[in-house]
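Structure first, commentary second.
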Amino acid sequence: MSDRIVILDFGSQFTQLIGRRIRDIHVYCELLPWNASENEAITPETKGIILSGGPQSIYAQDAPYIQDYILNSPLPILGICYGMQALAHQSGGEVEHSDIHEYGLTRVTVPEPNPLLHLGNQKVWMSHGDMVSKLPEGYVGIAQTPSTPYAAMANYDLNRFGLQFHPEVHQSQYSSEMIENFIFKIVGAQPSWTSKNIIEESVEHIREQVGSGRVLSALSGGVDSAITTALVQRAVGDRVTAVFIDTGLMRQGEAEQIEAAFRPTLGERLVIVDASERYFAKLQGVIDPEEKRKLIGEIFIREFERAVQHAGDFEFLAQGTIYPDVIESKGIGVTEAHRIKTHHNVAGLPDDMQFKLVEPLRLLFKDEVRAVGLELGLPHELVWRQPFPGPGLAVRCLGEVTPARVATVRHADAILREELEKADLLHITVDADGTLHGSSQAFATLIPVKSVGVMGDHRTYAETIVIRAVTSVDFMTADWARLPHDLLALVSSRIVNEVVGVNRVVYDISSKPPATIEWE
C-alpha cells in the first residue's frame, strides 16, 4: 500500500489545496475532519499528519482542537496557521490576538538553516489575526516577520513544525520546496502514488471486495463511469455487466457514443435501457435542485434494479464517484459539514437499495482519474471528454424539467460544443507560466427568466440561455474561460436563430468559489 499523509481539516479554504499539492508529488493523502477517530486517521500506512488552517480563534467557545491521540503519536506533524496555533497552545505555549493583522503577501525572514524552510528573506501568504506569543517547551522559532516573532516554529526532537503562513498556495515563495521538504525529508514518504500503482491497488481492492460475485457497472456517459467500468472489467473480467440508462437527460448523441465505445469490448454485457418517460414523469413539477438530485438518485437505482431482473443476480454496483463528489456532498470541515450540493451517487441514493457499492475512484481527483484512464489504454478522446453531471441536463435546466425544455438546452449545448471544437477550445492547454487556455468544461444552461426581444420585427418574450465555460485542473477550483469575443458572438447568434424559444444568451464569468461550476 502507498504511504499516506493525513490532513486534518479545521475549516480552512485552502485545505483541499494542501491535498492537491501533495498528490502532485505522487504521495497519497487523505482529508479528514479535525475530530476524525484514531482508527480513521492513524493506519499502518500513515506516515505524517498535517493540521490545516481554520477561521476560528483557539479561545473561541467550541473551537476545534487537536485530539489527544494525535499529540501522543510519534508521527511527524505540520501545523499550518490555526493548526500551528492549536499545536502551540495544546503543547504549553501561548497564543494571543495580534495588534497587527497580516493578510496576503508578507515578507518573512528565515535566519538559520532548517530542514523545512528556505534560508533567507522570502514572501509568503499570511491570513491571521492571532499569533503564537510564547513557544512551548522544546520548540524554537525558525522564521519571523516584523510583527510576528514566531512565524514558524519547530520541535526537532518530536519532528513537529508549525507555520503561521500558508505553504500550500502558489503565492508563497518556495511553496513547493516547503511541502516537499516536509513530505520527503521530514516524513520520509515514498512517491508511489502513480497511475500504475493506483490501478494495481484498485484492482486488488475490487477483487477483495467482490470475491466471486458479479458487478453491475453504471455507465452514465461521463469520463468517471467509463474509467470505473474499465477498472472493474480489468479486476473481474466477464463478471461485470455495464448498464447505460438513457434518462432522456443526456447530451446530443450521447447514447449512440456510449454504445459505439463499449459494445465492441462488452458485447451482450452492455445493456441499454430507455427510461426517459419514467424520468420525466417523476420530475414533473419539481423545481428544487436538491429534490431533483435526490429523485434522480432514487430513479437511478430503481432502473438498475429493473434492468437486471432478467440478467441474473448482482450483488455489487460500480459507479464513478470521485473525491470532489464526496467532499461537496458530505463536506469536510470544522463542525457539521455545510453541504454544497447532493451528488446523486453519494448522498442521493435510497437507503433500501439492493446493491453494495464499488467505487474505485472515490478518493481520486479528476486529473488523477484521467491519468488512470490513459494508463488503462482507453481512447484519448474518451478520457478527455468534458465532465457531465450524473443528473444530466436536469441540473442544466433550471426550473421544471420537461421534454421540451430539455430539448432546448440540449440543442443550445450542442451548438456551443460544436463551435468550441471547431475553434480547438473544447480542451485546455497550459502555457509555460501555468496559464490555462481553452475550456476544461463548457456547457449551456437554460434559466427560467424570460425577457423581451425583437425577431423579424415581431416582439418576442422568450427564455434565456447561459453559456458557462471554465478552466480547471482538478475541478475543486475553477476560473471562467476567456473565450474569444468573436466566438461568443457566433455561438450567441446561432443559438437565438436556431433554438426555438430562446431570444437571449448571456456568459457566466463567475469563478469557483464562490460559485459552483454547475448552476444546480
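Here Glu421 pairs with Leu426 under the side-chain contact (heavy atoms from CB on, under 4.5 Å) rule; sequence neighbours left out. In terms of the side-chain contact (heavy atoms from CB on, under 4.5 Å) criterion, residue partners of Cys81 (sequence neighbours excluded) are, by chain and number, His128, Gln164, His166. Residues satisfying the ring pair (Phe, Tyr, Trp, His ring centres under 6.0 Å) test with Tyr28, not counting sequence neighbours, are Trp193. Remark: Phe262 engages no residue in a ring pair (Phe, Tyr, Trp, His ring centres under 6.0 Å) (not counting sequence neighbours). Residues forming a salt bridge (Lys or Arg N to Asp or Glu O under 4.0 Å) with Lys422 (at least two apart in sequence, or on another chain): Glu418, Glu419. Take Arg468 and apply the salt bridge (Lys or Arg N to Asp or Glu O under 4.0 Å) test, not counting sequence neighbours, and it matches Asp508. Evaluation of the side-chain contact (heavy atoms from CB on, under 4.5 Å) rule for Val383 yields Arg370, Leu374, Leu378 as partners, not counting sequence neighbours. Residues that satisfy the side-chain contact (heavy atoms from CB on, under 4.5 Å) test with Ser440, not counting sequence neighbours, are Ile428, Thr471, Ser472, Phe475.
Sorted by first and then second residue, the salt bridge (charged side-chain N to carboxylate O under 4.0 Å, His left out) pairs involving residues 386-408 (not counting sequence neighbours) are Arg396-Glu518, Arg405-Glu463. For residues 200-209, the side-chain hydrogen bond (donor to acceptor under 3.5 Å, both in side chains) pairs, not counting sequence neighbours, are Ser2-Glu201. Within the structure, salt bridge (charged side-chain N to carboxylate O under 4.0 Å, His left out) contacts touching residues 237-255 (residues at least two apart or in different chains) are Arg251-Glu254, Glu254-Arg385.
The side-chain heavy atoms of Arg269 and Gln233, taken from C-beta on, include a pair separated by under 4.5 Å.
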Tabulate below the donor-acceptor pairs under 3.5 Å that side-chain atoms of residues 276-283 make, not counting sequence neighbours, or state none.
residue, atom, partner, partner atom, Å
Ser276, OG, Asp274, OD1, 2.8
Arg278, NE, Glu303, OE2, 2.7
Arg278, NH2, Glu303, OE1, 3.0

